Amino acid sequence: MTFYEEVGDQDMNHWRNQAAHVPDALRRYYLSFLASTVDAAEERSLLLSENESLLKDKEALGEEVSSLTKSLESIRKEAKEKDRQIRQLRESLEMTQKELNVNRAEMTSLKLELESMISGRNHERSQSGDIPALEERQIDVNGKAADSVPREDVVNESPVTQSGPISSTTDMSKETMSSSGTLTNVYTESNGEDGYKSMLTSDELSSHETRRDSVDEKHETTVQVLADTLPKIVPYVLINHREELLPLIMCAIERHPEHTVRDSLTHTLFNLIKRPDEQQRRVIMDACVSLARNVGDIRSETELLPQCWEQINHKYEERRILVAQSCGELGQFVRAETRPSLILSIIQQLIEDEATVVREAAAQNLALLLPLFPDLDKFFKVEELVFQLVCDPAGIVVEASLEQLIPAVVRWAKSEKQLIHHLLSALISRLLGSVQRCPPLSGVQDSLEFQLRILGERERWVSDVLLRLLTQLLPEVRRVAIESCPFPDIFPEEEEEAFFSDELLGLYARANLQWPDFDWLPEDCFPALLHLACMLPPREEGLRSRLAKLLLTASNLFGGAYLMSIVLPIFLMAAGDYADTSHLSSRLANRIKGFKPLTPRAEQLARTCVLPLLLAGVYGAPNMKEGYLAEYLKNLVLQSSVKQGAWTPVHTPELIDAVRFLCTFNQQHTVIVGVLWELVVNPNANVKSTAAVLFKALVPYVDLKLAQQQVLPALVTLGSDPNLDVKYSSIEAFGTVAQHFKDEAVVDKIRVQMDAFLDDGDHEGTVAVMRALAAAVPHTTPSLRDYLLQKLAMLSGATTQGTTLIRRREKVDVFCEAIRALDATEISAGNVKDLLLPTIQNLLKDTDALDPAHKEALEVMQRERSGGRLESISKHLKKTSMGGLFGEGGYLSAPGSPSSATASAPDSPQPAPSPQPEEGRLKRMMRANFGEMIRGKS
């Protein structure tokens, strides 16, 4: 039974508002009941203690906040006080400058006025004979009258010192002005200004002061009028004529006493033209240089350089170029300590500008600024800027850096060779790092391609520029080595052209001396170049050429003895050959022996990467002994061909690529052709085949005269060889000649030789001829294209009975490639009708040998080329036999014969085929590349 049931006379839901009413009574009673237990009491005590600790923490935090607030207020007060002091100091500085300028102007005008008065009085008294009376009135320092001295003695005893700007408007002669200046200095130095004024009468003194005040007021008024009106005039003057205002602006800036006005006028000077061109910038800079020369270094720093800093982020690049020019040309008019700090900081920010012309101007003016630095403390910072400019992606910035900045850096650091070595070491490190960061050519670690790198455009550009820089610094390396030579008495500096002789090198090898500047090339530079070369794949021919040119430059600078004794052993050993090192010191000999490859993969890498440099950069040097290159090249071909067989692009691509790289140097063509002729007459068939392959590599780099007189006769000799392998190895070389020479005499010789190959009727010869001519189609003459089309029509219609399916497929593939190459060129309407379409029809008949991709391309070609005549041609071809196609009355008979006219009579009503539209021609050119896809499949 509940309380609600016991008390039946009361409504428990609606309590009356009386003393017995307790809100939420049940909840309160229940809480009181829970609090009476032991656990509740303990929990309550814990809560109370925690509440007290929190209150204490709150009080402590409040005190801390109040202390921090007070300290913050004190800091703010101190900051305000410092700001107020700074403003006061600035105001006092400006007031002091104004007073100083006013005093200077007063002193200048006073001196001029005094000189003009003295000259006038002397001129009057010289006429009246009163000069002795004037001399008697002189007063010495103690106030006593000095003895009369003749005027000439006074001039001799008192030195003449004139200072201040010269702006007199008097018409006195030079002799009178000189005498008046002498007298003025005499009186001023002996008795001061007051002593000089004491000899003047009161009327003269008052008139002097009046004239001085009037001159000052006139000057101030003129300058003030200029300063007030120039900013209003400039916007309304034509841009091409604003440069005529420069003298007025310069005069106002130079003479105005107020700093704020001068600052405003200087701002007007820099912003005179919105986007000044090169000539206008030159005029503005000449004005700034003249102004800086007149106002001195302090005002140049405080008034001109701030304008440069304000314009550094201007939206127009012409203004930023003007800032760069200001840094270079105004550097000589500021204090020495300002150049490597403020001006160098401005240059550094301009070097990072997004505009190419601004970075170019920054490089040029940094070169002007470097000779003005008082010391070399900023060398390492300048070095970073130099590498940033040299590695710039813009070519004009790089050229400006190499032509102007690098010579300036070398001259600046010439006195400290350690800095030059640091620059070279940083250059080598950056060069290797730019290539090492590139991904490998293959991910297989034991393969040759894993050592080679895939260079991006940026890495290739940086590497090429750094190699150019290293080549440019080689003369400095030579100079430092000569200056530090440990044998100065034996080899004087006037014999620098033959300095590194055999005698000097032998003496150094036998002596126990240190010559680190000499050892830098063989111990640091050449090993780094070999490491770089072994990371470049064969297709990086540009960088390999740059390396070869660097080696040629080094050989030219250090002489033939250095080339034979140092450079040749290093690269011979690195290429895997034997090199004599007995004439070298033991330390250098051991270092060179360490370059020899020890594994087959290392030997293959050396042939791929080092052998081209050995041939072109070392043996190809102008000061190499005569015959060394020819002898080494001949031995290389003979030894390899006799032992391993003829060179082929499949088995010896690295050897062929090395000789082809040598062929890119025109000065070596005579040597190469001489060696190849010796190989042509060699009795060994492998050697002859190798000669044909090398002739093919040589042809793209020779001229027409050499091709007619030397190359073609050699190829004809090889093409007439009884050995079929030798004969057919020359076919590709003939095709290469057809690609690069359009002379009709050359083309006639090629046609004759190709007819000889085709007359043999051999399958390999026919396929090789068609493939060679098809490769030459896009670059050769129309006559050779017509020749190829005729041969295709004849060969495609020949019977194929007794031929294996593999040979038929090979021949059809070659014919299709040739057809597609011809389809991408201009073919006359007659050849299309009489030769091209019948050839396509013949190829489509051999469905077993025809590749599906070729079939689809031929059908498209047939539809585009035939137009509306396809059905009639097909019906006619069905009625005629393949033998009749080429005989009398066939499609391929002579166009002018009666039979051909009769055969074409039924088609005479047909309109002449119109030229194919440009779209169809582009499609044909795209289809011409399908042949390589088919070859990739097979």
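None of these values were measured; they are calculated from a predicted model.
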Is a salt bridge present between Glu384 and Lys381, judged by a nitrogen-to-oxygen distance below 4.0 Å? no

Start with the C-alpha distance between Ser434 and Glu459, add both sets of side-chain angles, then the distance that settles side-chain hydrogen bond (donor to acceptor under 3.5 Å, both in side chains), and finish with yes or no. CA-CA 6 Å; Ser434 64; Glu459 290 78 11; over 6 Å; no

Going through the checks in order, is the side chain to side chain contact (heavy atoms under 4.5 Å, CB included) test met by Leu536 and Leu547? CA-CA 11 Å; Leu536 298 178; Leu547 280 170; 4.0 Å; yes

Donor-acceptor under 3.5 Å (Gln668 side chain, Gly620 main chain): yes

I'd like to know if Arg546 pairs up with Asp464 as an ion pair, taking the criterion as any Lys NZ or Arg NE/NH1/NH2 lying under 4.0 Å from an Asp or Glu carboxylate oxygen. yes

Strictly below 4.0 Å, N to O, side chains only: are Glu91 and Lys98 in salt-bridge contact? no

Given Arg262, which partner from the list His267, His256, Glu303 fulfils the side chain to side chain donor-acceptor pair (under 3.5 Å) test? Glu303

Salt-bridged, Arg282 to Asp286, with N to O below 4.0 Å? yes

Exam field: side chain His669 to backbone Val702, donor-acceptor pair closer than 3.5 Å: no

Could you give the distance from CG (Leu366) to CG (Leu344), rounded to the nearest 0.5 Å? 7.0 Å

Evaluate side-chain hydrogen bond (donor to acceptor under 3.5 Å, both in side chains) for Thr553 paired with Thr471, printing each intermediate quantity in order. CA-CA 7 Å; Thr553 303; Thr471 306; 5.3 Å; no

For a quick check under 3.5 Å, do Asp517 and His421 share a side-chain donor-acceptor pair by atom type? yes

Walk me through whether Arg460 and Glu540 qualify under salt bridge (charged side-chain N to carboxylate O under 4.0 Å, His left out). CA-CA 9 Å; Arg460 187 179 297 109; Glu540 296 295 340; 2.8 Å; yes

Does Thr260 offer a backbone N or O that forms a donor-acceptor pair with the side chain of Ser264 under 3.5 Å? no

Rounded to the nearest 0.5 Å, what separates atom CG in Leu376 from atom OG in Ser415? 5.0 Å

Kindly give the heavy-atom pair with the smallest separation between Glu360 and Ala400, and that separation in Å. CG-CB, 3.9 Å

Between the side chains of Arg468 and Glu399, is the shortest nitrogen-to-carboxylate-oxygen separation below 4.0 Å, so that they form an ion pair? yes

Hey, are the side chains of Leu470 and Cys525 touching, using non-hydrogen atoms and a 4.5 Å cut-off? yes

So does Glu278 have more than 12 non-hydrogen atoms from other groups sitting under 6.0 Å from CD? no

Worked check of side-chain hydrogen bond (donor to acceptor under 3.5 Å, both in side chains) between Gln224 and Asp228: CA-CA 6 Å; Gln224 189 65 39; Asp228 293 341; 3.2 Å; yes

On a heavy-atom basis, which atom in Ala324 and which in Ala362 lie closest, and how many Å separate them? CB-N, 4.0 Å

Mutual orientation of the aromatic rings belonging to Phe487 and Trp515 [parallel < 30°, tilted 30-60°, perpendicular > 60°]: perpendicular

Tell me, do Gln436 and Met535 make a side-chain contact under 4.5 Å, heavy atoms counted? yes

Starting from the C-alpha separation in whole Å, work towards a yes-or-no answer on side chain to side chain contact (heavy atoms under 4.5 Å, CB included) for Arg335 and Ile298. CA-CA 8 Å; Arg335 292 177 298 172; Ile298 300 298; 4.2 Å; yes

Measure the spacing between CG of Leu474 and CG of Leu550 and express it to the nearest 0.5 Å. 5.0 Å

Is any side-chain heavy atom of Arg275 closer than 4.5 Å to a side-chain heavy atom of Gln280? no

Keeping Arg293 on the side-chain end and Phe333 on the backbone end, is there a donor-acceptor pair under 3.5 Å? no

Exam field: side chain Ser429 to backbone Ser425, donor-acceptor pair closer than 3.5 Å: no

Nearest 0.5 Å please: distance from the CD atom of Gln364 over to the CD1 atom of Ile396. 9.0 Å

Close side-chain approach of Leu427 and Leu473, heavy atoms under 4.5 Å: yes

For the side chain of Trp461 and the backbone of Asp392, is there at least one donor-acceptor N/O pair under 3.5 Å apart? yes

From OG (Ser565) to CZ (Phe558), nearest 0.5 Å: 13.5 Å

Ion pair check, Glu483 and Arg479, cut-off under 4.0 Å: yes

On the ring face of Phe270, is Arg319 found with NZ or CZ under 6.0 Å from the centre and within 45° of the axis? no

Taking the side chain as C-beta and beyond, is there a heavy-atom pair between Glu317 and Glu354 under 4.5 Å? no

Backbone of Lys274 reached by a side-chain donor or acceptor of Glu318 within 3.5 Å: no

Check: Phe518 ring centroid to Tyr562 ring centroid under 6.0 Å: yes

Between Cys438 and Ile454, which heavy-atom pair has the shortest distance, and what is it? CB-O, 3.3 Å

For Ser555 and Asn623, the nearest pair of non-hydrogen atoms, with its separation, is O-ND2, 2.8 Å

Does Thr268 reach the side chain of Leu245, with side-chain heavy atoms less than 4.5 Å apart? no

Does Thr664 use its side chain to pair, donor to acceptor, with the backbone of Phe661 at less than 3.5 Å? yes

Please determine whether the number of non-hydrogen atoms from other residues, nucleotides or ligands lying under 6.0 Å from atom NZ of Lys414 exceeds 12. no

Under the criterion side chain to side chain contact (heavy atoms under 4.5 Å, CB included), I'd like the reasoning laid out for Asp524 against Ile428: C-alpha separation, chi angles, the key distance, then a yes or no. CA-CA 9 Å; Asp524 295 330; Ile428 294 294; over 6 Å; no

Between Ser300 and Val295, does a side chain to side chain contact (heavy atoms under 4.5 Å, CB included) hold up when you go through it step by step? CA-CA 7 Å; Ser300 297; Val295 301; 3.8 Å; yes

If you take all heavy atoms of Gly331 and Leu369, which pair is closest and at what distance? CA-CD1, 4.2 Å

Would you say that Leu322 contacts Gln311 through its side chain, given a criterion of any heavy-atom pair below 4.5 Å between the two side chains? no

Judged by atom type as modelled, is there a donor-acceptor pair below 3.5 Å linking the side chain of Ser341 to the main-chain atoms of Glu337? yes

Measure the spacing between CG of Leu529 and CG of Leu467 and express it to the nearest 0.5 Å. 7.0 Å

Between Asp263 and His259 (side chain of the first, backbone of the second, donor and acceptor by atom type, cut-off under 3.5 Å), is there such a pair? no

Are more than 12 heavy atoms, taken from residues, nucleotides or ligands other than Gln667, located less than 6.0 Å from that residue's CD atom? yes

Taking all non-hydrogen atoms of both residues into account, name the closest pair between Pro276 and Arg281 and its distance. O-NH1, 2.8 Å

Are any of the side-chain heavy atoms of Arg453 and Pro440 separated by less than 4.5 Å? yes

